[in-house]
Amino acid sequence: MPVAIITGASKGLGRALAAALAGRGWDLVVDARSAGPLKEAARELRAAGQRAGRAARVVALPGDVADAGHRAALVAAAGELGGLDLLVNNASALGAEPLVRLADHPLDGLREALEVNVVAPLGLIQEALPLLLMYSYLPSYEEFAAPAERTFHDDGDGNGEAYDSHPYTENARNAGLSVSPPYIGTGGAILNISSDAAVEAYPTWGGYGAAKAALDQQSAVLAAEEPGLRVWWVDPGDMRTDLYAAAVPDDDASGRPLPGTVVPTLLRLLDGAAPSGRYTAASAAAATGEVSVR
């Protein structure tokens with residue numbers, strides 16, 4: 001069975017994605033800073049696999065992704081499970097809670113945001129790269145070309161013609177397959193969770209947004225340097241999460257969608273062998289199987 005590492009998996013989007021993968025029979029290595037919530041999440045993930053009639057193995061390792069020893073332990077655990085097909089850099093730090101204007105932003109907080117949102121993901125990628133390269137999807141997908149393809153399109157923001165929807169792979173004709181075996185081609189992928197704050201100028205989101213913008217650029221360069229891997233950096237859109245509540249505690253988040261609503265879009269990236277690129281979950285058209293890339 002395929003193996004995934006998911007950071008920040010005790011709650012929110014990380015936990016929701018982990019539950020969906022466990023239900024598909026994936027083996028998981030999950031982490032979070034707090035041991036108690038992570039233990040509870042791991043129990044739920046094992047139960048999700050059992051409910052689907054699959055015996056998903058779940059290794060829960062509490063720790064801080066900014067710690068090199070912890071990152072090495074995550075990758076070693078994946079190796080013991082048999083390899084690594086998917087690395088999800090989901091753990092995040094705001095840099096200030098609640099968020100503040102740049103004029104008042106603590107510099108130590110900005111350093112923390114950069115460390116957790118940029119440096120730690122690269123450190124984990126560097127540690128995991130040998131395993132990920134062993135599971136490159138490109139050769140396997142040559143055998144599964146399908147006549148019907150999903151469409152990758154722009155967001156209607158006028159950038160469609162200028163944007164190359166397959167900029168980081170020469171195997172574009174096999175990207176976005178509408179028919180794919182459950183676990184063929186789901187390896188060799190890196191999913192970095194980004195934010196619209198990386199591309200929009202929202203007051204008080206400057207520190208966090210700068211860190212996510214750096215993660216976006218880092219992801220783009222990685223995709224260019226490692227064409228044998230799929231690298232996705234995804235803006236999941238508005239979600240009702242503890243992170244948002246900490247960022248803007250006075251805002252009523254009750255109308256925001258739960259993280260689980262984003263998971264089907266992330267699974268389509270996996271199942272469709274989507275090309276490397278920046279994706280926005282908000283503009284995915286579920287009815288037609290289309291995924292927007294920008």
Side-chain angles (χ1 to χ4, degrees), residues 6-8 12-17 20 86-95 99 113-114 116-118 120-122 125 150-160 162-168 176 189-223 230-248 251 253 255-270 272 274-286 290-294:
I6 304 178
T7 65
L13 181 58
R15 184 166 176 168
L17 176 59
L86 173 66
L87 170 58
V88 182
N89 284 306
N90 172 69
S92 190
L94 290 168
L99 296 178
L114 291 169
V116 174
N117 299 332
V118 187
L122 179 58
I125 289 167
R150 287 181 181 168
T151 302
F152 294 82
H153 60 92
D154 70 278
D155 292 334
D157 56 5
N159 294 326
Y163 191 91
D164 178 6
S165 63
H166 306 96
Y168 305 117
I190 297 170
L191 171 60
N192 292 329
I193 301 302
S194 183
S195 168
D196 55 347
V199 295
E200 299 291 346
Y202 300 132
T204 74
W205 288 85
Y208 178 77
K212 288 298 186 179
L215 178 65
D216 279 10
Q217 176 65 5
Q218 181 173 278
S219 302
V221 173
L222 179 67
R230 282 170 294 161
V231 183
W232 307 310
W233 47 113
V234 178
D235 166 17
D238 291 340
M239 295 186 295
R240 193 189 321 167
T241 63
D242 289 352
L243 186 77
Y244 183 79
V248 193
D251 188 48
R256 289 173 170 261
L258 292 171
T261 61
V262 179
V263 170
T265 296
L266 302 182
L267 294 179
R268 280 198 296 275
L269 293 178
L270 274 172
S276 293
R278 188 180 200 276
Y279 291 84
T280 58
S283 55
E290 295 181 348
V291 180
S292 175
V293 60
R294 54 175 291 182

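Here the structure is a predicted model, which means the values were calculated and not measured.
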Exercise for review: Can you sort out the partners of Asn192 under side-chain hydrogen bond (donor to acceptor under 3.5 Å, both in side chains), two or more places apart, ordered by chain and number?
Suggested key: Asn89, Ser219
Check your understanding: Hey, what do you get for OG1 (Thr7) to CG (Leu87), rounding to the nearest 0.5 Å?
Key -> 7.5 Å
Practice item. Can you see which heavy atom on Val116 is nearest to which on Ala120, and at what distance? Key: O-CB, 3.7 Å
Revision key, fill the gap. side-chain contact (heavy atoms from CB on, under 4.5 Å) filter on Ser194, not counting sequence neighbours, yields Ala198, Lys212, Asp216, Arg278
Exercise for review: Kindly give the heavy-atom pair with the smallest separation between Ala93 and Tyr208, and that separation in Å.
Suggested key: O-CD1, 3.4 Å
Exercise for review: Using the test salt bridge (Lys or Arg N to Asp or Glu O under 4.0 Å), find all partners of Asp196 that sit at least two apart in sequence or belong to another chain.
Suggested key: none
**Study point:** Gap between atom CG of Asp235 and atom OH of Tyr279 - 0.5 Å precision
**Key:** 14.0 Å
Study note, to complete from the structure: Taking every heavy atom of Pro236 against every heavy atom of Val262, the minimum-distance pair comes out as O-CG2, 3.6 Å
Check your understanding: What closest approach, in Å, do Pro121 and Gln218 show between heavy atoms, and which atom pair accounts for it?
Key -> CB-NE2, 4.4 Å
Check your understanding: Between the main-chain N or O of Arg256 and the side-chain N or O of Asp238, is there a donor-acceptor pair closer than 3.5 Å?
Key -> no
Check your understanding: Got a sec, which residues hit side-chain hydrogen bond (donor to acceptor under 3.5 Å, both in side chains) with Arg240, two or more places apart in sequence or on another chain?
Key -> none
Review point. Of all residues at least two apart in sequence or in a different chain, which pass the side-chain contact (heavy atoms from CB on, under 4.5 Å) check with Ala214?
Key: Val118
Check your understanding: Which of these passes side chain to side chain contact (heavy atoms under 4.5 Å, CB included) with Leu13: Thr261, Thr241, Val263?
Key -> Val263
Check your understanding: Got Leu191 and Val234 here, is their nearest side-chain heavy-atom distance under 4.5 Å?
Key -> yes
Review point. How far apart are the closest heavy atoms of Gly260 and Pro264, and which atoms are they?
Key: O-CD, 3.4 Å
Practice item. Taking side-chain hydrogen bond (donor to acceptor under 3.5 Å, both in side chains) as the test, write out the residues that go with Ser92, two or more places apart. Key: Asn117
Point to revise | Atom of Ala223, atom of Trp233 and distance for their closest heavy-atom approach | key: CB-CZ3, 4.2 Å
Review point. Which residues satisfy the side-chain contact (heavy atoms from CB on, under 4.5 Å) test with Asp242, sequence neighbours excluded?
Key: Lys11
Point to revise | Which residues share a side-chain contact (heavy atoms from CB on, under 4.5 Å) with Thr204, sequence neighbours left out | key: Leu99, Arg101
Check your understanding: Does the side chain of Tyr244 come within less than 4.5 Å of Asp251's, by heavy atoms?
Key -> yes
Check your understanding: Atom CD1 of Ile125 and atom CD1 of Ile190: how far apart are they, to the nearest 0.5 Å?
Key -> 4.5 Å
Point to revise | Spacing of Leu17 atom CG and Leu270 atom CG [to the nearest 0.5 Å] | key: 7.5 Å
